[in-house]
Amino acid sequence: MNALTANRPFLRAVLALSVAGTAALAVTTRSDAQSFGGHNSNAPVDYSADRIELQDKQDRVILTGNVDVKQADLRLRAARTIVDLASGSSLKLQRITASGGVVVTRGDELATGDVGIYDFNKKIITMVGNASLKRGNGDTLRGGRFVIDLNTNTSSASGGRVTGTFSVPKQN
């Protein structure tokens, strides 16, 4: 019996919400990872979207239309996401793959890209295609691919020419 079969009544209730117009799904991730850089990667993950589709055999959920995913102070918005779940006795998020104007925000940081992948096991967010990071202090970073490591609170860009702007402290 897989996780989706064991939790079928719960998932059917979630799917019923999509018929009413707006779908919502809350799943708690469970992991031994610690909170780094002010982000609690063990916090519950809340989703909302215009439509939700459960794909039992593939252990995944597809959210479409104004998708909004929140985990503590981290927020991901996109046109579409595929949520991959682990097979087993409980629902456990493995990965979220978002597409269509992906925007990830945390505090005063804003990351954008054509595609965004949040790997819950590795605690890494990867933005691909027109990837950028902007910080509240004016720092920017752009490249074809951008990786945010929530474990170490580091960011890196690659894929073609990497460009950016560093802010300089004002001297009195």
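We're numbering straight along the sequence, starting at 1.
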One pair to check against side chain to side chain contact (heavy atoms under 4.5 Å, CB included): F120 and I96. What are the steps and the verdict? CA-CA 8 Å; F120 283 84; I96 294 175; 3.7 Å; yes

From CA spacing to verdict: side chain to side chain contact (heavy atoms under 4.5 Å, CB included), L85, K92: CA-CA 5 Å; L85 305 168; K92 183 177 177 186; over 6 Å; no

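The main-chain N or O of K122 is found under 3.5 Å from a side-chain atom of N151 such that the two form a donor-acceptor pair. For T126 (side chain) and V147 (main-chain N/O), no donor-acceptor pair under 3.5 Å exists by modelled atom type. Q71 places a side-chain N or O within 3.5 Å of a backbone atom of A43 that can act as its donor or acceptor partner.
Within the 4.5 Å cutoff, the side chain of L150 has heavy atoms near those of the R106 side chain. By the 4.5 Å heavy-atom criterion applied to side chains, L93 and V83 are counted as neighbours. Using a 4.5 Å heavy-atom threshold, the side chains of T81 and T64 count as separate. Using a 4.5 Å heavy-atom threshold, the side chains of R77 and T105 count as touching.
V162 and M127 fall within the same hydrophobic cluster, defined by Ile, Leu, Val, Met, Phe, Trp and Tyr side-chain heavy atoms under 4.5 Å apart, directly or through other members. Y47 and I62 fall into different hydrophobic clusters, where Ile, Leu, Val, Met, Phe, Trp and Tyr are joined by side-chain heavy atoms under 4.5 Å apart, directly or via other members. No single ILVMFWY cluster, assembled from side-chain heavy atoms under 4.5 Å apart, contains both V67 and V103.
The heavy-atom pair separating L63 from A49 by the smallest distance is CB-CB, 3.9 Å. When all heavy atoms are compared, the tightest approach of A98 to A78 is CB-CB, 3.8 Å. Taking all atoms of both residues into account, the shortest heavy-atom contact from G116 to V102 is N-CG2, 3.7 Å.
Atom CZ of R142 sits in a crowded spot, with more than 12 heavy atoms from other residues, nucleotides or ligands closer than 6.0 Å.
For the atom pair CG of N137 and CZ of F166, the computed distance is 10.5 Å after rounding to the nearest 0.5 Å. In this structure, OG on S156 lies 9.5 Å from CD1 on I148, to the nearest 0.5 angstrom. Rounding to the nearest 0.5 Å places CG of N130 at 4.5 Å from CG of D114.
For the residue pair R161 / T163, no side-chain donor-acceptor distance below 3.5 Å is found, with atom types taken as modelled. At a cut-off of 3.5 Å, with distance as the only test, no side-chain donor of D149 or T154 sits close to an acceptor on the other residue.
Salt bridge annotation for D68-R75: present, with a cationic side-chain nitrogen under 4.0 angstrom from a carboxylate oxygen. R95 and D119 are joined by a salt bridge, as a carboxylate oxygen and a charged side-chain nitrogen come within less than 4.0 angstrom of each other.
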